[in-house]
Amino acid sequence: TFGDTDDAARLLQIRGFLAHGNWFDTLIPSIGAPDGLASHWSRLIDVAVAGLIVLAGLLTDRATAELVAQIVWPLLLLAVLVRFMAGEAERRAGPFAALALLALVIAGPTALSQFLPGRIDHHNVQIMGAVGAVLLLTRALKEPAYGWAAGLVMALGLTVGLEALPLVAALLALACLVSCFAPSARPGTVRSLAGLFLGLLVGYALSQPPSNWTIVACDALAPNLIGLVASGAVAGLVMHWRMPAASAFAWLAGYAVAAAIGLAAYVAANPACTGGAFADIDPLVSELWLANVIESYSLLRLAESQLTLAISYLAVVAMAITAAIWRANRSRDVEDMFLAGATILAAAYGFYYIKFMTYGVWIGLVPLACAFARLPAIGETPARTIRIGALVLFNQLTVLALASALISATNSKSDASDGPITAHAAACSYKSDISRLSDLPPGLVVSNLDLGPYIAVSTPHRVVAG
């Protein structure tokens, strides 16, 4: 199966790229009529997955090569992310922290959800960008050279898509605030802003042909966002060169003026963008489509149908926040304090939009793993035994099992099904089921939103979904 409709649409875009080789032509002709779907998705993911398809195609047929790429790509990303995070956990709290992080990932269905075989869209890369940015930015506060890497990783994530933009903006604001009062953190923060600006310039050049460089958009990387970042980067560089030892309030004023100028220019470029990424969308489309996209639900709305999942998320991020705050309070270290703030911000975004739940969990895993690694012996019970016991008891799978048992024991309403239409769509996401439509002469198929991309990617038909 595909992970979801986005993965099916992504494969269609990749097929188009392999067929015509035009980097900037991201039209998906088999979705929509009469002109097809004008996708704004980044080619950066397309070229990576396409490369895997070409390599696998040297050994097998095209359909099998696509399947191999769909399996390998998300698992490769997962391996890179876990290895990086385990290294950071070990740096902070020793080898057991790295093992604890691996165990928490294995026992964390929310963390793994965007890295399962079939997930080739863009969410996993954006998660990597945000999580990597948090950990690199945290380290840059004391080791400035990491600021460049933090900025470039943020830029990569935002070039792929703006899903994590609110979180990245909040993290940068927090880093700027911390650096104002902790002068030693200023060089790393400034480098992060400069790296982000340079990375976005390169990302934009790779995303849009020169003829589009003056077009302002709300739902993709555009000049208005690059200008906003530039204002902060220029302010940081000027203050770093001309007044590195100035007071906290002088730096605060500098960043405040830069933010005001940047936001004014951002709004002036396209006032509609103040309404968010989907500000330009037709109200009817928003009502019929966007309002029903599950990933746009709040945690409270999710709890109405999947209470155990909502409870398990709350439990995991609550443990992570507690661990991060406890560590920051004990160490009074700028890295620990920033990581605690980042953990809280990421968890809060998960309450607002459930698509951010994965961000909240991933970012919280490092402070949680480190907390387990620091647990001391109790009486004659060795510390290692205590730590392993804590890992077994306090992970998302355990919380899910306990919550499910508690709900069943109290006769509370079980997690609701998604309804007959979505249930049928899930069943039909199997390629073998959809491919039966290939026996019909190529034509136009009208389907519901959940089935459209699956039909388009598995048959020769053009699809209009609604």
Side-chain angles (χ1 to χ4, degrees), residues 1-50 52-54 56-57 61-71 73-74 114 116-124 160-161 219-220 281-282 285 288-290 292-295 418 420-466:
T1 67
F2 295 99
D4 65 11
T5 53
D6 282 353
D7 300 303
R10 172 67 72 179
L11 184 55
L12 285 169
Q13 183 169 299
I14 292 169
R15 286 177 180 173
F17 177 56
L18 287 171
H20 57 63
N22 189 329
W23 182 268
F24 295 114
D25 180 8
T26 55
L27 182 73
I28 304 178
S30 56
I31 296 181
D35 299 324
L37 175 66
S39 171
H40 64 266
W41 287 348
S42 171
R43 277 288 192 220
L44 297 181
I45 293 178
D46 292 350
V47 72
V49 180
L52 290 175
I53 292 173
V54 171
D61 61 90
R62 180 61 173 270
T64 304
E66 289 182 351
L67 180 61
V68 169
Q70 289 174 266
I71 294 171
W73 176 246
Q114 297 293 351
L116 297 175
R119 300 313 317 254
I120 60 170
D121 56 356
H122 46 264
H123 298 297
N124 41 30
V160 168
D219 61 347
I281 198 170
D282 186 283
V285 174
L288 297 178
W289 168 66
L290 187 59
N292 297 305
V293 175
I294 294 177
E295 67 181 25
D418 294 321
I421 294 179
T422 304
H424 287 311
C428 291
S429 67
Y430 287 95
K431 299 175 186 177
S432 58
D433 294 329
I434 291 291
S435 61
R436 297 176 187 174
L437 294 175
S438 298
D439 296 335
L440 300 174
L444 179 65
V445 177
V446 179
S447 78
N448 64 51
L449 284 170
D450 294 315
L451 285 175
Y454 299 133
I455 296 172
V457 77
S458 301
T459 73
H461 304 303
R462 176 190 288 267
V463 177
V464 174

pair V463-S447: side-chain heavy atoms closer than 4.5 Å: yes
For a 4.5 angstrom cut-off between non-hydrogen side-chain atoms, does S30 reach L12? yes
If every non-hydrogen atom of E66 is compared with every non-hydrogen atom of L11, which pair is closest and at what distance? OE1-CD2, 3.8 Å
Flag the pair L18 / V54 as yes when at least one side-chain heavy-atom distance between them is below 4.5 Å, and no otherwise. yes
With rounding to the nearest 0.5 Å, note down the distance linking CG in L437 to CG in L440. 6.0 Å
Is there a side-chain contact between D219 and H40, using heavy atoms and a 4.5 Å cut-off? yes
Is the side chain of H461 donor-acceptor paired with the backbone N or O of G443 at a distance under 3.5 Å, no angle test? yes
Show the nearest heavy-atom pair for residues L44 and W23, with the distance to one decimal. CD2-CZ2, 4.3 Å
One should read off an interatomic distance between L27 CG and S39 OG, to the nearest 0.5 angstrom, of 9.0 Å
Do you know the tightest heavy-atom contact between A8 and V457? O-CG2, 3.7 Å
Is any side-chain heavy atom of W41 closer than 4.5 Å to one of D46? no
Does D7 pair with R10 as a salt bridge, N-O distance under 4.0 Å? no
Show your working on side-chain contact (heavy atoms from CB on, under 4.5 Å) between I31 and R462 and close with a plain yes or no. CA-CA 6 Å; I31 296 181; R462 176 190 288 267; over 6 Å; no
What's the separation between atom CD1 in I455 and atom OG in S438, rounded to the nearest 0.5 Å? 10.5 Å
Go through it in stages, so that I can follow the logic: the residues are I45 and I120, the test is side-chain contact (heavy atoms from CB on, under 4.5 Å), and I'd like the CA-CA distance, side-chain angles, deciding distance and then a yes or no. CA-CA 8 Å; I45 293 178; I120 60 170; 5.7 Å; no
Quick one, D6 with H123, criterion side-chain contact (heavy atoms from CB on, under 4.5 Å). Give me CA distance, side-chain angles, the key distance, then yes/no. CA-CA 10 Å; D6 282 353; H123 298 297; 3.7 Å; yes
How far does CD1 of I434 sit from CG of L451, to the nearest 0.5 angstrom? 5.5 Å
P74 to A69 - nearest heavy-atom pair and separation: CD-O, 4.2 Å
Return the CZ to OG distance between R436 and S458, rounded to the nearest 0.5 Å. 12.5 Å
Does any part of the side chain of R62, heavy atoms only, come nearer than 4.5 Å to the side chain of I53, both counted from C-beta? yes
Are R119 and Q70 close enough that some pair of their side-chain heavy atoms sits under 4.5 Å apart? no
Can D121 and D4 be said to form a side-chain contact (heavy atoms from CB on, under 4.5 Å), step by step? CA-CA 9 Å; D121 56 356; D4 65 11; 4.1 Å; yes
Distance only, no hydrogens: is a donor on one side chain within 3.5 Å (strictly under) of an acceptor on the other, for N124 and Q114? no
Check whether any side-chain heavy atom of T26 lies under 4.5 Å from a side-chain heavy atom of F17, and answer yes or no. no
CD1 (I71) and CG (L52) are apart, to the nearest 0.5 Å, by 11.5 Å
